[in-house]
S.K.: 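Please read through the structure below; I'll follow up with questions.
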Amino acid sequence: MILDDERLRQSVTKRTRAVRTAVLRWSQQNLRDFPWRRQSDPYRVFLAEVSLRRTTARAAMRAYDLLTTRYPDFEAAARATEEELRECFVSVGLQNARARLLHLAAVKVVEEMGGRLPPDMNALLSLPGVGLYAAGAILSLGFGVRAAMVDSNAVRLYSRLWMDVLPANPSPELMQAIGEHLVPEREHQVYNLAVIDLGALVCRFGRPRCSSCVLTHKCDYFSQGH
DNA sequence: CTCCTGCCTC
DNA sequence: GAGGCAGGAG
Ligand code: SF4
């Protein structure tokens with residue numbers, strides 16, 4: 001495993017239960033509500049992740065609403081031209097890359113997977129535009145299979161929680177390993193969403209709002225008096 | 001490193 | 001005005 005630094009592994013293990021509990025408790029009153037969180041259809045989760053890539057949730061909604069209306073399933077998305085798909089993304093950016101990858105993925109799902117996403121990590125990772133984060137989201141939110149969703153919010157949150165024991169520039173693989181260690185078997189969907197919302201609302205970029213954070217008792221960054 | 005637009009925070 | 005936002009491919 002990548003988590004081979006003994007001091008870090010011990011620290012993560014020691015705080016896992018408390019972090020899970022605090023995150024899940026916080027989620028009961030603070031989870032944000034978005035259109036893509038109201039359905040667990042794997043295709044819709046997939047569309048949401050394409051729309052949310054390097055894009056704030058508010059903006060991603062514009063693309064997501066257009067996509068779900070115009071292309072209700074993979075067959076519809078595969079039939080569309082790349083230029084038609086591009087229209088859904090012009091207001092949120094990265095339109096060329098998103099349209100190209102979405103179309104390639106839709107064609108592959110239709111031609112090689114019977115028009116449906118499989119609940120299999122390696123199969124999902126074989127799709128154009130689907131990396132560890134998107135595959136984790138599809139597995140956890142779409143299929144109810146335990147998987148970590150390690151996005152920039154999770155990385156920022158975990159980096160601060162374990163600031164004292166983490167290397168100066170932690171690799172993506174290391175942060176992924178920490179995320180996979182922390183995500184619980186029970187309620188992994190809620191946990192994944194709550195970590196993202198904590199990063200977006202409390203442990204934000206720049207100055208985190210530690211005064212309203214439920215993790216201060218397990219946080220290196222807070223303990224150092226920032 | 002680029003792709004990328006619009007909005008928010010600093 | 002600069003930097004960053006539910007990343008991933010080439
Ligand atoms: S205490 Fe502050 S730095 Fe630590 S997780 Fe909470 S918001 Fe982030």
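Since this is a predicted model, take the numbers as computed values, not measurements. Within every chain, numbering begins at 1; the chains are lettered A, B, ... in the order of the sequence lines, protein sequences first and strands thereafter.
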S.K.: Give a yes or no on whether a salt bridge exists between A:Arg20 and A:Glu187, defined as a side-chain N under 4.0 angstrom from a carboxylate O.
M.R.: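 Salt bridge between A:Arg20 and A:Glu187, a charged N being under 4.0 Å from a carboxylate O: no.
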S.K.: Taking Watson-Crick and G-U wobble pairs with both distances under 3.5 Å, convert DNA chain B into its dot-bracket string, 5' to 3', dots for unpaired and | for cross-strand pairs.
M.R.: |||..|||||
S.K.: Could you tell me how far apart A:Glu49 (CD) and C:dA9 (P) are, to the nearest whole angstrom?
M.R.: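 The distance from CD of A:Glu49 to P of C:dA9 comes to 14 Å, rounded to the nearest Å.
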S.K.: Is A:Ala134 touching bases, backbone alone, or none of the nucleic acid, heavy atoms closer than 4.0 Å?
M.R.: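 Touches sugar-phosphate only.
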S.K.: Is A:Ser212 reaching over with its side chain to a backbone N or O of A:Arg209, donor-acceptor style, under 3.5 angstrom?
M.R.: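 Yes, because the side chain of A:Ser212 sits within donor-acceptor range (under 3.5 Å) of the backbone of A:Arg209.
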S.K.: Quick check on contacts: within residues 73-99 of chain A, what sits under 4.0 Å from DNA chain C by heavy-atom distance?
M.R.: A:Leu94
S.K.: For the pair A:Arg98 (side chain) and A:Phe89 (backbone), establish whether a donor and an acceptor sit closer than 3.5 Å, ignoring hydrogens and angles.
M.R.: no
S.K.: Does a side-chain N or O of A:Arg156 approach OP1 or OP2 of C:dC5 to a distance below 4.0 Å, or not?
M.R.: yes
S.K.: Could you check whether any side-chain heavy atom of A:Arg146 comes within less than 4.5 Å of a side-chain heavy atom of A:Ser140, counting everything from C-beta outward?
M.R.: no
S.K.: Say whether A:Thr55 and A:Arg62, considering side chains only, have a donor N or O and an acceptor N or O under 3.5 Å apart.
M.R.: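 Checked: A:Thr55/A:Arg62 side chains show no N/O donor-acceptor pair below 3.5 Å.
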S.K.: Measuring to OP1 and OP2 of C:dG7, would you say a side-chain N or O of A:Ser152 lies under 4.0 angstrom away?
M.R.: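 Yes.
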S.K.: Once the angle between the rings of A:Trp36 and A:Tyr64 is folded into 0 to 90°, is it parallel (under 30°), tilted (30 to 60°) or perpendicular (over 60°)?
M.R.: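 Correct class here is perpendicular.
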S.K.: When you compare C:dG1 with B:dC4, how far apart are their P atoms, in angstrom units rounded to a whole number?
M.R.: 24 Å
S.K.: Heavy atom of residues 184-214 of chain A under 4.0 Å from DNA chain C: which residues?
M.R.: A:Ile196, A:Phe205
S.K.: Select from A:Leu125 and A:Thr56 the residue whose nearest nucleotide in DNA chain C is closer to the 5' end of that strand.
M.R.: A:Thr56
S.K.: Using a 6.0 Å cut-off, check whether atom CZ of A:Arg32 has over 12 heavy atoms from anything other than its own residue.
M.R.: yes
S.K.: Mind listing the closest non-hydrogen atom pair of A:Tyr71 and A:Leu47 along with its distance?
M.R.: O-CD1, 4.3 Å
S.K.: Does A:Leu104 share a hydrophobic cluster with A:Val107, counting links as ILVMFWY side-chain heavy atoms below 4.5 Å and allowing steps through other members?
M.R.: no
S.K.: Are the side chain of A:His188 and the backbone N or O of A:Ala148 linked by a donor-acceptor pair below 3.5 Å?
M.R.: no
S.K.: Atom CZ of A:Arg54 to atom P of B:dC7: distance rounded to whole Å?
M.R.: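 The distance from CZ of A:Arg54 to P of B:dC7 comes to 18 Å, rounded to the nearest Å.
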S.K.: Could you state the atom-to-atom distance from CZ of A:Arg53 to C1' of B:dG6 in whole Å?
M.R.: 18 Å
